[in-house]
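To start, the structure under review is shown below, and the notes come after it.
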Amino acid sequence: MVSAILLAGGSGSRMHSEKAKQYIEVGGVPLIVHALRTFQESPVDAIVLVVRPGDEEYVRREIVRPYGSAKVRAIVPGGKERFDSVWQGILAAEALRPGGAEEDDVLLIHDGARPFVSAEMIRASIEAARQHGACTVAVPVKDTIKVVDEAGFGIDTPDRSTLYQVQTPQTFRRTLIKEAHKRFRAEPRQGITDDTMLVEEYLGQRCFIVPGDYRNLKVTTPEDIILAEALL
């Protein structure tokens with residue numbers, strides 16, 4: 001079984017809008033709908049939407065029903081932090097699997113604020129997760145990167161050819177990502193920023209890099225809305 005968690009529980013404070021960014025219209029439809037449509041048409045069997053607590057009925061009424069998202073099998077409230085929301089999504093995805101998880105079950109985790117995920121990214125991520133256990137979509141960085149000290153001075157310049165900008169989806173064998181989250185919840189560590197770091201830090205699992213796309217941007221600020229409209 002292939003499941004996907006779409007994270008749509010952010011408040012979008014950097015958007016400076018009364019409406020949460022996932023509900024702002026881009027191209028005439030709410031932002032989250034673009035990613036939802038792509039996952040609906042992908043090989044994914046079931047979609048779990050993780051939303052802001054209290055938004056469950058709104059999302060069901062205004063997003064899922066009007067836009068024909070038949071693969072949405074669960075709408076669950078997120079938690080205080082991103083990892084809490086992912087954990088709720090993992091539990092909801094597991095509940096959709098009668099008899100418990102199978103070894104080849106795959107789980108994709110995607111930011112709902114990335115509207116331009118492609119069917120090819122999803123397909124390649126599923127294949128890579130089955131082969132390698134864990135993967136993430138990413139693109140090579142375009143700019144020179146500096147390591148900066150506390151005083152504001154550059155102290156190192158990493159080799160740009162080895163640096164990638166991580167995107168989503170991030171995809172895993174479901175049993176693997178659940179175990180990583182269980183260990184994190186039992187023994188939290190600082191400085192972990194995404195799910196690939198969880199499996200690397202807690203399980204020693206390397207993550208394969210699936211080619212992404214520079215258009216697979218995360219809409220975070222008002223300027224990103226302008227760019228997203230232009231890309232559409």
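A salt bridge links Arg82 with Asp195; the closest basic N to acidic carboxylate O contact falls under 4.0 Å. A salt bridge is absent between Glu127 and Arg130: the closest approach of a Lys/Arg side-chain nitrogen to an acidic carboxylate oxygen does not fall below 4.0 angstrom. Checked for salt-bridge contact, Arg160 and Asp143 miss the test: no charged N lies under 4.0 Å from a carboxylate O.
Pairing each heavy atom of Ser125 with each of Pro169, the nearest pair is OG-CG, 4.0 Å. Counting all heavy atoms, side chain and backbone alike, Ala134 lies closest to Gln205 at CB-CG, 3.9 Å. Pairing each heavy atom of Lys71 with each of Gln40, the nearest pair is N-OE1, 2.9 Å. Annotation for Leu107 and Ala4: closest pair CD1-N, 4.3 Å, computed over non-hydrogen atoms. The shortest heavy-atom contact between Gly78 and Pro53 is O-CG, 3.6 Å. In terms of heavy atoms, Leu232 sits closest to Phe116 at CD2-CE2, 3.6 Å.
In this structure, Tyr67 and Pro30 have side chains that are in contact, with non-hydrogen atoms separated by less than 4.5 Å. With contacts defined as side-chain heavy-atom distances shorter than 4.5 Å, the pair Ile209/Tyr164 qualifies. A 4.5 Å side-chain heavy-atom check between Leu6 and Phe39 finds at least one atom pair inside the cut-off. For the pair Val29 and Arg37, the minimum side-chain heavy-atom distance is below 4.5 Å. Residues Lys142 and Tyr214 form a side-chain contact, since some pair of their non-hydrogen atoms from C-beta on lies under 4.5 Å apart. The shortest distance between side-chain heavy atoms of Val199 and Ile177 falls below 4.5 Å.
Residue Gln167 holds its CD atom at 5.5 Å from CZ of Arg114, rounded to the nearest 0.5 Å. Note that NZ of Lys178 and CG of Leu91 are 6.5 Å apart. Values are rounded to the nearest 0.5 Å. Residue Thr196 holds its OG1 atom at 10.0 Å from CD of Glu201, rounded to the nearest 0.5 Å. Considering CD1 of Ile32 and CD of Glu62, their distance stands at 14.5 Å, rounded to 0.5 Å. Atom NZ of Lys182 sits about 14.0 Å away from atom CG of Leu198, to the nearest 0.5 Å. In this structure, Lys80 NZ and Ser85 OG are separated by 12.5 Å, a value rounded to the nearest 0.5 Å.
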Would you check, one step at a time, whether the test side chain to side chain donor-acceptor pair (under 3.5 Å) holds for Ser118 with Glu120?
CA-CA 5 Å; Ser118 69; Glu120 174 57 25; over 6 Å; no
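Using modelled atom types, one side-chain atom of Asp45 and one backbone atom of Val2 make a donor-acceptor pair closer than 3.5 Å. Counting only distance, with no hydrogens or angles, the side chain of Glu56 and the backbone of Gly54 share a donor-acceptor pair below 3.5 Å. Using modelled atom types, one side-chain atom of Lys21 and one backbone atom of Val219 make a donor-acceptor pair closer than 3.5 Å. Asp84 places a side-chain N or O within 3.5 Å of a backbone atom of Glu81 that can act as its donor or acceptor partner. Side-chain atoms of Glu229 come within 3.5 Å of backbone N or O of Gly27 as a donor-acceptor pair. Looking at Asp111, its side chain never comes within 3.5 Å of a backbone N or O of Ala113 through a donor-acceptor pair.
Taken together through direct or relayed side-chain contacts under 4.5 Å among Ile, Leu, Val, Met, Phe, Trp and Tyr, Ile5 and Ile75 form parts of separate hydrophobic clusters. In the hydrophobic clustering of ILVMFWY residues, with side-chain heavy atoms under 4.5 Å counting as a link, Ile90 and Val51 come out apart. If you chain together hydrophobic residues whose side chains sit under 4.5 Å apart, Leu7 and Leu96 fall into the same group. Residue Val44 is not grouped with residue Phe172 when hydrophobic side chains (ILVMFWY) are merged at heavy-atom distances under 4.5 angstrom, including chains of intermediate members. Linking ILVMFWY side-chain heavy atoms closer than 4.5 Å, directly or via other members, places Val50 and Val59 in two distinct hydrophobic clusters.
A parallel orientation is assigned to the rings of His181 and Trp87, their planes being inclined by less than 30° (bins at 30° and 60°).
The number of heavy atoms from other shown groups lying within 6.0 Å of CZ (Arg189) is above 12. By the neighbour-count criterion of 12 heavy atoms within 6.0 Å, atom CZ of Arg185 is densely surrounded, having more than that number from other residues, nucleotides or ligands.
In terms of the side-chain hydrogen bond (donor to acceptor under 3.5 Å, both in side chains) criterion, residue partners of Arg183 (sequence neighbours excluded) are, by chain and number, Glu179.
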